[in-house]
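What you see is a predicted model; the values in this text were computed from it and never measured. The analysis underlying the following values was restricted to heavy atoms, covering all of them including side chains, and did not include hydrogens, waters or symmetry mates. Throughout, protein chains are lettered first and strands after them, A, B, ... in sequence-line order, and every chain is numbered starting at 1.
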Amino acid sequence: MYDTKPVSPSQRVLQLLPLIPRGRVVSYGQLADLVGLPGRARLVGRILRVEDTGNLPWHRVVSAAGRISLPEGSDGWHEQRQRLLAEGVYIKGNRLDMRKYQWQPDLVAMLMLMDH
DNA sequence: TTTCTGACGCCGT
DNA sequence: GACGGCGCCAGAA
C-alpha cells in the first residue's frame with residue numbers, strides 16, 4: 001500500500017485552511033468531512049480555538065447556516081467579519097449567503113488533501 | 001472517574 | 001426562519 005502515515009486531525013485542518021480561496025468560505029462540518037472526520041464539526045471548532053492559526057485564513061470557516069460562530073460583538077467576531085468583508089463577502093448582520101460563498105473544492109485541492 | 005462545556009450539525013416542531 | 005433536543009468527543013473542572 002501507499003504510505004499512510006497517520007496525520008492528526010489538527011494537522012489536516014491546518015493544512016487545508018490555506019487551500020480555501022479568498023472570498024470563499026467553508027463550514028465546520030464541511031471541513032470535518034474533508035479531513036476525514038464526518039460528523040465532528042465541533043472538533044474542528046476546538047482545533048481552530050486551540051491551535052495557533054497564525055496567518056492562516058481561519059476567518060473563512062463559518063457555521064453551516066452561514067453565521068459567524070464567535071460570540072457576537074466579541075473581538076474575534078469583529079475581526080472575522082472585517083476580514084470577510086475585506087474579501088468581498090457580503091455579510092448582512094451576522095449572516096452570509098452560503099449558497100453564494102461556499103467553497104466547492106476543486107480537483108487540485110482534492111489532490112493536495114491526499115498524502116503526497 | 002464523572003460531569004460539564006463548547007468557534008457545530010441535523011432533524012423535527 | 002427560530003428553537004429545542006440530541007449526537008459528537010476532547011479537555012477542563
Side-chain angles (χ1 to χ4, degrees):
Chain A
M1 265 327 195
Y2 298 107
D3 181 15
T4 55
K5 43 185 175 295
V7 181
S8 71
S10 307
Q11 289 300 308
R12 304 283 288 184
V13 170
L14 297 180
Q15 287 176 357
L16 180 54
L17 278 180
L19 302 184
I20 306 171
R22 193 185 150 75
R24 313 242 71 175
V25 300
V26 292
S27 72
Y28 295 89
Q30 182 183 8
L31 203 47
D33 285 342
L34 290 172
V35 299
L37 298 169
R40 296 170 66 179
R42 288 195 99 122
L43 179 58
V44 172
R46 187 166 49 248
I47 290 171
L48 295 186
R49 176 169 51 93
V50 176
E51 297 292 324
D52 175 22
T53 49
N55 49 25
L56 295 174
W58 55 271
H59 58 285
R60 294 178 189 147
V61 185
V62 299
S63 78
R67 278 185 288 232
I68 292 175
S69 290
L70 285 81
E72 190 163 353
S74 67
D75 290 345
W77 183 85
H78 282 299
E79 183 173 359
Q80 180 166 16
R81 191 163 184 282
Q82 283 307 309
R83 290 197 187 194
L84 289 174
L85 287 171
E87 296 186 353
V89 175
Y90 175 59
I91 303 177
K92 182 180 182 180
N94 187 35
R95 164 183 256 156
L96 57 86
D97 188 344
M98 286 303 274
R99 292 175 306 177
K100 184 174 181 180
Y101 301 110
Q102 185 165 47
W103 174 47
Q104 305 296 333
D106 54 32
L107 183 58
V108 175
M110 292 311 285
L111 288 175
M112 290 185 73
L113 289 180
M114 321 190 105
D115 293 329
H116 313 295

Atom-to-atom span, CG of A/L70 to P of B/dG6 - whole angstrom: 13 Å
Candidate pair A/I20 and A/V25, rule side-chain contact (heavy atoms from CB on, under 4.5 Å), full reasoning: CA-CA 7 Å; A/I20 306 171; A/V25 300; 6.0 Å; no
Minimum heavy-atom distance A/R81-A/G93, with the two atoms named: NE-O, 3.1 Å
Whole-Å distance separating the CE atom of A/M98 from the P atom of B/dC8: 13 Å
Minimum heavy-atom distance between A/S69 and A/Y28, given as atom pair plus value: OG-CE1, 3.6 Å
Minimum-distance pair of heavy atoms, taken over all atoms of A/V26 and A/M98: C-CE, 4.5 Å
Euclidean distance, atom CD of residue A/Q102 to atom C1' of B/dG9 [Å, nearest integer]: 13 Å
DNA chain C contacts made by residues 37-51 of chain A, counting heavy atoms under 4.0 Å: A/R40, A/R42, A/R46
Carboxylate-amine/guanidinium proximity below 4.0 Å for A/E79 and A/R83: yes
A/Q102/A/Q104 under side-chain contact (heavy atoms from CB on, under 4.5 Å): CA gap, chis, key distance, verdict: CA-CA 6 Å; A/Q102 185 165 47; A/Q104 305 296 333; 4.2 Å; yes
Atom of A/I91, atom of A/L85 and distance for their closest heavy-atom approach: N-CD2, 3.9 Å
Electrostatic pair A/R24:A/E87 at N-O distance under 4.0 angstrom: no
Distance in angstrom units between A/R67 CZ and C/dG1 P, rounded: 10 Å
Hydrophobic cluster identity match, A/L48 and A/L70, side-chain contacts under 4.5 Å: no
Nearest heavy-atom neighbours spanning A/L84 and A/H59: CD2-O, 3.5 Å
Contact under 4.0 Å: A/R95 side-chain N or O vs C/dA2 OP1/OP2: yes
Between B/dC8 (P) and A/Q80 (CD): distance, integer Å: 10 Å
What does the list of N/O pairs under 3.5 Å between the protein and nucleotides 10-13 of chain B look like, with a distance for each?
none

With A/L37, the side-chain contact (heavy atoms from CB on, under 4.5 Å) member among A/L31, A/V13, A/L43: A/L43
Touch class at under 4.0 angstrom, heavy-atom based, for A/W77 against every strand present: nothing
side-chain N/O A/S63 vs B/dC8 OP1/OP2, d < 4.0 Å: no
Each nucleotide N or O in nucleotides 3-5 of chain B that has a protein N or O under 3.5 Å away: list the pair and distance.
none

